[in-house]
Asker: 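Structure incoming, see below.
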Amino acid sequence: MKIILGPASKQLGEKIAKLLNVEAVPVAFKTFPDGESYIRLEGEVKNEKVVIVQTTSPPQDARLMQLAFTADAAKRNMAKKVTAVVPYLAYARQDKTFLQGEAISIETIARMLKAAGVDNLITVNVHEEKVLSKFPFPAKMVSAIPLLAEHFKQKGCEGAFALAPDKGAVWLAEEAKTVLGGEYGYLEKRRDRYTGQVSTEKKTLDVKGKIVIIFDDIISTGGTIVAATEILKELGAQKIYVACVHPLLIGDAEKRILKSGVGEMVGSDSVPSHVSKVSIAPLISKALTM
Ligand code: R5P
């Protein structure tokens, strides 16, 4: 096996290669003046099973093209099998049509990757796991929540309340609870399909005087976390922390979240950022050897 270092996840790819004790293949890349992407493999892949590590956080479209071109280059250079490790899978939230006339974007992406030469895919905390069953190649998801919960446990948060900001994410809180050992719960969130505006319902949760950690898959604008934090403060939570797998942190998301009363925010290196204090390299390495 060889690990191909996708331009968007070079450091993560290097960590995975080191853990698996396999060769890392660098990728030269550039963007032409008109915005088109270019990649070139800087190593041999002939007769190898290769793993391309490439996240697709913003700029999503350029990174998806880099991934597709890397898969194509691997197959052209006689790689035996191409596995794509895509920690943050862009467009996964558009996994059905919510309004008449929409596309199912993630299914288009999957077909595009298949056409480029991807034979199977591993991703991390995709919004709805069942979407992977529609892919035209084997695709599986692993969860970084236990690693994030362990990080907070090591920092003295054992027994903290694990909260999901919406019902669909309750399994994240449940998973965190198995590590933290406290209680778990969820809030009810609604998103306006036209404006994108989030509204979270106030509800009774037994968090008074407790440390609460909000677990979510993605932080984009921060609206979801800010709304949850306001409710937790009203309910008397003693301290509020945030753990998220994919810290996209668009615009001033981090500033808004910290200003709302969150003590600390921790993400994974699925999306490299300065809050990415937890590495998913051990998780991916394990998934690649199973
Ligand atoms: C969607 O429900 C996801 O799980 C996240 O809660 C959402 O993407 C976060 O977006 P934002 O930070 O913009 O509220």
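Just follow the structure's listing: the first ligand is 1, and inside any ligand the first atom is 1.
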Asker: For atom 1 (C) of ligand 1, which protein heavy atom lies nearest, and how many Å away is it?
Answerer: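 Checked against all protein heavy atoms, atom 1 (C) of ligand 1 sits closest to H127 CE1, 3.4 Å.
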
Asker: With a 4.5 Å cut-off on side-chain heavy-atom distances among I, L, V, M, F, W and Y, is there a chain of contacts connecting L172 to L163?
Answerer: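 No; L163 is not reachable from L172 via cluster members.
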
Asker: Any idea which of I257, D217, I218 brings a heavy atom closest to atom 3 (C) of ligand 1?
Answerer: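 Result: the heavy atom closest to atom 3 (C) of ligand 1 is in D217.
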
Asker: Could you tell me which atoms of ligand 1, counted from 1 in the order shown, lie closer than 4.0 angstrom to a heavy atom of D166?
Answerer: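 Heavy-atom distances to D166 below 4.0 Å select 2 (O).
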
Asker: Of the backbone atoms (N, CA, C, O) and the side-chain heavy atoms from C-beta on, which set of I250 has a member under 4.0 Å from an atom of ligand 1: side chain, backbone, both, or neither?
Answerer: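 Neither; nothing of I250 gets under 4.0 Å from ligand 1.
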
Asker: Would you call the rings of F215 and F152 parallel, tilted or perpendicular if under 30° counts as parallel and over 60° as perpendicular?
Answerer: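 Because their plane-to-plane angle is over 60°, the rings of F215 and F152 count as perpendicular.
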
Asker: Nearest to atom 14 (O) of ligand 1, what protein heavy atom do you find, and at what distance?
Answerer: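 Closest protein heavy atom to atom 14 (O) of ligand 1: T224 OG1, 2.5 Å.
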
Asker: Strictly distance-based, threshold 3.5 Å: is any side-chain N or O of T97 a donor or acceptor partner for the main-chain N or O of E102?
Answerer: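 Side chain of T97 to backbone of E102: no pair is present.
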
Asker: Write out the residue and atom name of the closest protein heavy atom to atom 13 (O) of ligand 1, then the distance separating them to 0.1 Å.
Answerer: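 The protein heavy atom lying closest is T221 OG1, 2.5 Å.
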
Asker: Under 3.5 Å between some N or O of ligand 1 and some N or O of I219?
Answerer: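 Among all N and O atoms of I219, none is under 3.5 Å from an N or O of ligand 1.
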
Asker: Enumerate the atoms of ligand 1 whose separation from the nearest heavy atom of G222 is less than 4.0 angstrom.
Answerer: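 Going through ligand 1 atom by atom, the ones under 4.0 Å from G222 are 11 (P), 12 (O), 13 (O).
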
Asker: Among all protein non-hydrogen atoms, which one is nearest to atom 10 (O) of ligand 1, and what is the separation to 0.1 Å?
Answerer: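 Going atom by atom, the protein heavy atom closest to atom 10 (O) of ligand 1 ends up being R191 NH2, 3.5 Å.
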
Asker: Does the cation-pi check pass for K210 over F161, that is, NZ or CZ under 6.0 Å from the six-membered ring centre and within 45° of its axis?
Answerer: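 The answer is no; the distance or angle limit is not met.
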
Asker: I'd like to check the side chain to side chain donor-acceptor pair (under 3.5 Å) partners of E48; sequence neighbours left out, ordered by chain and number.
Answerer: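 If we apply the side chain to side chain donor-acceptor pair (under 3.5 Å) test to E48, skipping adjacent residues, there are no hits.
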
Asker: In terms of hydrophobic clustering (I, L, V, M, F, W, Y; side-chain heavy atoms under 4.5 Å; direct or indirect links), are V51 and L283 co-clustered?
Answerer: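 Cluster IDs for V51 and L283 match.
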
Asker: Would you kindly specify which portion of D216 sits under 4.0 Å from ligand 1, judged on non-hydrogen atoms: side chain, backbone, both or neither?
Answerer: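 Looking at D216 and ligand 1, just side chain atoms fall under 4.0 Å.
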
Asker: Under a 3.5 Å cutoff, is there a donor and acceptor pairing between the side chains of S57 and R63?
Answerer: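 A pair is found: one side chain offers a donor N or O, the other an acceptor, under 3.5 Å apart.
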
Asker: To the nearest 0.5 Å, tell me how far L205 CG sits from L187 CG.
Answerer: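 Those atoms lie 5.5 Å apart.
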
Asker: Please state which protein non-hydrogen atom is closest to atom 8 (O) of ligand 1 and give its distance, to 0.1 Å?
Answerer: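 Its nearest protein heavy-atom neighbour is R93 NH1, 2.8 Å.
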
Asker: Considering non-hydrogen atoms of the protein only, which is the closest contact for atom 2 (O) of ligand 1, and what is the distance?
Answerer: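 Its nearest protein heavy-atom neighbour is K189 NZ, 3.1 Å.
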
